[in-house]
Amino acid sequence: MHKDLQEILISREDLAAGVKKLGEQITRDYAGRTVTLVGVLKGCTLFLADLARHIDLDTRLDFMMVSSYHGEHSTGVVRILLDLKESVEGSDVIIVEDIVDSGLTMQYMLQNMKTRLPRSVEVCTLLDKPSRRKAQVPIKYSAFSIPDKFVVGYGLDYNGIYRNLPYIGVLKESAIQGKN
Ligand code: 5GP
C-alpha cells in the first residue's frame, strides 16, 4: 500500500470484478447497437480503459474535460476545457465518470449532452458517494457505492498525483495537510 494512504477501500481484484460486471451489463443492455463512451477526463482513464475491454459491442470512444467550481454555496459552475471530437447526434451515449459526489458535474454533463441530440444518454460511474448528493442525477451504471471519504487511485487524484495506483484508497490526513 502507498505510504500516504490510511486504508485500501477497494482492492485491485474487487475493482476488476466490479468493472467486468458493468461491462457485461452494458453489453446485454445495448445488444445489437453501437455505443459511444464519453469519458470525463482525467479521472475516467483507468476505469474507461478496463471497462471498454469488457464491452462486447461496436464501441466509439470520445472524451470531454471539464472543470468544476463547487464552493460551499455554489450551485455548480462547470466549464468545458476539452470538447468532444465527433458529433453524438443519434448515438447511444454512455457518460463514463470516476465518481459522482455532489452530482453537479454530472448534472451539467447530462444537460450538455442532451443538447447534442443523442438517441440516448446514460451515466456510468465507477464510484458513487450518495451521502454528498446536491443534484439528483439518474445513474444507470455504478460499480461501487462508497462512504463520504476522500479517495484516490485508479484514475482519481489529489493535487494531480495517485492516479496510477491500481486500487482505491483513503488518503492520510497528514498527506492532505502536508501537501496544501
Ligand atoms: P461532483 O460534481 O459530483 O461533486 O464531483 C465530481 C468530481 O469531483 C469528480 O469527477 C472528482 O474529480 C471530484 N471528486 C469528488 N469526490 C472525490 C474523491 O473522493 N476523490 C477524488 N480524488 N476526487 C473526487
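Remember, it's 1-based here, ligands and their atoms both numbered in the order they're listed.
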*Mark up the atoms of ligand 1 that fall under 4.0 Å of a heavy atom belonging to V151, in ascending order.*
18 (C), 19 (O), 20 (N), 21 (C), 22 (N)
*Pull out every atom of ligand 1 sitting under 4.0 Å from any heavy atom of T105, numbered as shown with elements.*
1 (P), 2 (O), 5 (O), 6 (C)
_Polar atom proximity, L156 to ligand 1 (N or O, under 3.5 Å)_ = no
*Any idea which atoms of ligand 1 are less than 4.0 Å away from a heavy-atom of D157?*
21 (C), 22 (N)
*Enumerated ligand 1 atoms positioned under 4.0 Å from heavy atoms of E97*: 10 (O)
*On the 0 to 90° scale, with breaks at 30° and 60°, tag the Y162-H2 ring pair as parallel, tilted or perpendicular.*
perpendicular
*N/O to N/O below 3.5 Å, does that happen between G103 and ligand 1?*
yes
*Please could you name the atoms of ligand 1 that K149 approaches to less than 4.0 Å, counting only its heavy atoms?*
19 (O)
*Report the part of V40 (side chain from C-beta onward, or backbone N, CA, C, O) that has a heavy atom under 4.0 Å from ligand 1; answer both or neither where that applies.*
neither
_Option set D101, V66, N159, L9, criterion heavy-atom distance to atom 15 (C) of ligand 1, minimum_ = D101
*asked:* I need the contact type for M106 against ligand 1. Using non-hydrogen atoms and a strict under-4.0 Å cut-off, is it side chain, backbone, both or neither?
replied: neither
*asked:* Please enumerate all residues that pass side-chain contact (heavy atoms from CB on, under 4.5 Å) together with F63, with sequence neighbours excluded.
replied: L41, C44, L48, L61
*Enumerate the residue pairs fulfilling salt bridge (Lys or Arg N to Asp or Glu O under 4.0 Å) with a member in residues 154-166, sequence neighbours excluded, ordered by first and then second residue.*
D157-R163
_List ligand 1 atoms under 4.0 Å from K129, heavy atoms only on the residue side._
16 (N), 17 (C), 18 (C), 19 (O)
_Please check this pair: side chain of K129 against backbone of S145, looking for a donor-acceptor N/O pair closer than 3.5 Å._
no
